[in-house]
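Just so we're on the same page: letters track the sequence lines, and every chain starts at 1.
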Protein chains: 2
Amino acid sequence: MLRYTGSTAIDYSSSPNCENVGTDAADVIIRPEFNRNQLSPFSVHARPCSTRQNPLVRKLEQFSRLEQGDIQSLDKLVASPKAMRAGQLLVHESSVLDEVYLIVQGMGCRYKLLPGGERQILGYLIPGDLCDIHFITLTKPDHSVALVSDSQVVKIPTQKLNALLANNPRIERALSLAALHDIAILREWLLNVGQRNALQKLSHFFCEMMLRLSRVGQVADDGSFELPINQMALADTTGLTPVHINRTLQRLRSDGLIRLGQRRLYIIDTTRLAAIAGFDDSYLQINQCRR
Amino acid sequence: MLRYTGSTAIDYSSSPNCENVGTDAADVIIRPEFNRNQLSPFSVHARPCSTRQNPLVRKLEQFSRLEQGDIQSLDKLVASPKAMRAGQLLVHESSVLDEVYLIVQGMGCRYKLLPGGERQILGYLIPGDLCDIHFITLTKPDHSVALVSDSQVVKIPTQKLNALLANNPRIERALSLAALHDIAILREWLLNVGQRNALQKLSHFFCEMMLRLSRVGQVADDGSFELPINQMALADTTGLTPVHINRTLQRLRSDGLIRLGQRRLYIIDTTRLAAIAGFDDSYLQINQCRR
DNA sequence: CGGAAGATTGATAACTCTCAAAAATAGTGG
DNA sequence: CCACTATTTTTGAGAGTTATCAATCTTCCG
């Protein structure tokens, strides 16, 4: 928790592209480059980007323009989802990675365990998310994936997916962008866990989930959404303790910021929560592919 | 910091591929799946994977077999590196991403800043690392990259790189795998920052750096290596405070585990340090591409 | 040599954790 | 639909890492 309070002059003029050799010490240059856009109450109340039923299409359309044919292929892929119960493992240490799971409805999470039993949740999978494109080229997973709620899931043989991608460059492109999106989230999580305090961590997580879920049409008109995550999981998400999560939640509640119960979260004051969290949605901004 | 201490029976038999519907509650299934291979003192004393001079070749060879032609192309790419000083920014918020940087010699880091000035370092770039393949498809970077030591750097126009990749599928494949490798490291960092204590965090970071650097021939015969990172940066890497880093370092030193000074780290007792860190190098394992 | 950056130290505060138990909720079977 | 159990949430008290603040010492570098 270091704050840069120095008054050293900042050399904004020296573009990183220029060749001139800096003489300042590392941190003088590194730290003050922060230059944030105003914290904006993120626009979660926007309608989902698409009204399509197929969550995969809905997701990929954000990243790359899809043609009719692409959509048909994707629809075929997602034709018959299976129901799976909360707690089911989709990927674990010794999984044979010849299949990829697609969350159609419900929620999953990725996590790592420590020998002592400590768990760090690495991310949540929401409708439209593939579990896990990162695995496709790996022979052995380095983390596990499980469902956190009863879900509808499609199992896609890796072979089939690869064939699809080979024939549909737009889909392939969209999927790589989706992977980059995941990484951007991961980076923000590292910042969240490493540098923010309990109140900020929780608030930030809530803001992120609301924005992500709103994009796949999972946020109700009243602004509430399902968050099938217990306090233990919230703890493992933020690197805190369940007890401390509980107390932090109480504070958020009594401050009139959220309502949480029956696996549903209602953010009463989006703007204020985002301010507390220091939430800046630019890391979730989706940049349509240029090519 | 939760420990799974329950004695609930573990259903190892239920493969994630099976369709049967679990009845257990989420955490019963999720937690106990931990089944680590023994903590092995990682084999850092292995010679670098290749004796080539070109660090990019040296790196990519780990991921995919390269042919003579590929190597020649890469050699041409890295022909004339430029010297840049510590502290120089390679990428910042408003960078125009028409160029990619390759670290040939030296070290860089990626980081994010908070409005209050808190900094979280997201990863280190070592010789052979591209800064940053993740940016290629983005229009605006979500984090910054700077050099932490005087370095030799190659600036590659994105266009040129794309052309190269289009003509050299093996290189392209190797680069995607390299990106997956980066992500695996990022995941482990999240675990590190979220769940381990100060001593473990530092130890783990040291183990990781030693292993990564040994693979690019940056670890001397006596096992020492350059680590041009001051205590402030170590703090921002681990989510701790410089003061606490200082005290933790003293402990590592007085316990006879490391020697650190003049920007050089010498790990005296690799095995013991790895044990303290709970270091398991499997997340750094490189899986040669199957295709 | 002299100034600046980095490392170290001491004392104190505080956020977060630990432990343990009670209350509330959800889930299951009769 | 109720009883019963397991899970989850909530509380309290106290301890402990880790943070904060500020000063000193050391090292680096022009």
What is the distance from CG of A:Leu249 to P of D:dT8, rounded to the nearest Å?
-> 15 Å

When rounded to whole Å, the CG to P distance for the pair A:Asn246 and D:dT8 reads 14 Å

Could you pull out all residues at least two apart from B:Arg253 that satisfy salt bridge (charged side-chain N to carboxylate O under 4.0 Å, His left out)?
-> none

Applying side chain to side chain contact (heavy atoms under 4.5 Å, CB included) to B:Pro228 and not counting sequence neighbours gives B:Met107, B:Val148, B:Ser149, B:Arg263

What residues form a salt bridge (charged side-chain N to carboxylate O under 4.0 Å, His left out) with B:Arg264, not counting sequence neighbours?
-> none

Please list, chain by chain and in numerical order, all residues satisfying side-chain hydrogen bond (donor to acceptor under 3.5 Å, both in side chains) with B:Thr238, sequence neighbours excluded.
-> none

Which heavy atom in B:Gly87 sits nearest to a heavy atom in B:Ala146, and how many Å separate them?
-> O-CB, 4.5 Å

By side chain to side chain contact (heavy atoms under 4.5 Å, CB included), which residues pair with A:Val154, not counting sequence neighbours?
-> A:Val78, A:Pro81, A:Leu102, A:Val104, A:Ile156

Within the sub-3.5 Å range, which N or O atoms of nucleotides 23-30 of chain D have a protein N or O partner, and how far apart are they?
none

Those residues at least two apart in sequence (or on a different chain) that pass side-chain hydrogen bond (donor to acceptor under 3.5 Å, both in side chains) with B:Gln152 are none

Under 4.0 Å between a side-chain N/O of A:Asn230 and OP1 or OP2 of D:dT8, yes or no?
-> yes

Of B:Gln250 and A:Val243, the one whose closest DNA chain C nucleotide lies more 5' | B:Gln250

Kindly write out the residues that satisfy side chain to side chain contact (heavy atoms under 4.5 Å, CB included) with A:Ile276, not counting sequence neighbours, or none if the list is empty.
-> A:Leu199, A:Ser203, A:Leu257

Side chains of A:Gln105 and A:Gln218, donor plus acceptor under 3.5 Å = yes

Per the end-axis method with five pairs at each terminus, what is the bend angle of the helix from C:dC1-D:dG30 to C:dG30-D:dC1, to 10°?
-> 60°

For D:dT10, does either OP1 or OP2 sit under 4.0 Å from a side-chain N or O belonging to A:Arg253?
-> yes

Protein and nucleotides 12-14 of chain C: nitrogen or oxygen contacts under 3.5 angstrom:
none

A:Arg259: side-chain hydrogen bond (donor to acceptor under 3.5 Å, both in side chains) partners, not counting sequence neighbours | none

Quick one: list whatever passes salt bridge (charged side-chain N to carboxylate O under 4.0 Å, His left out) with B:Arg251, sequence neighbours left out.
-> B:Asp255

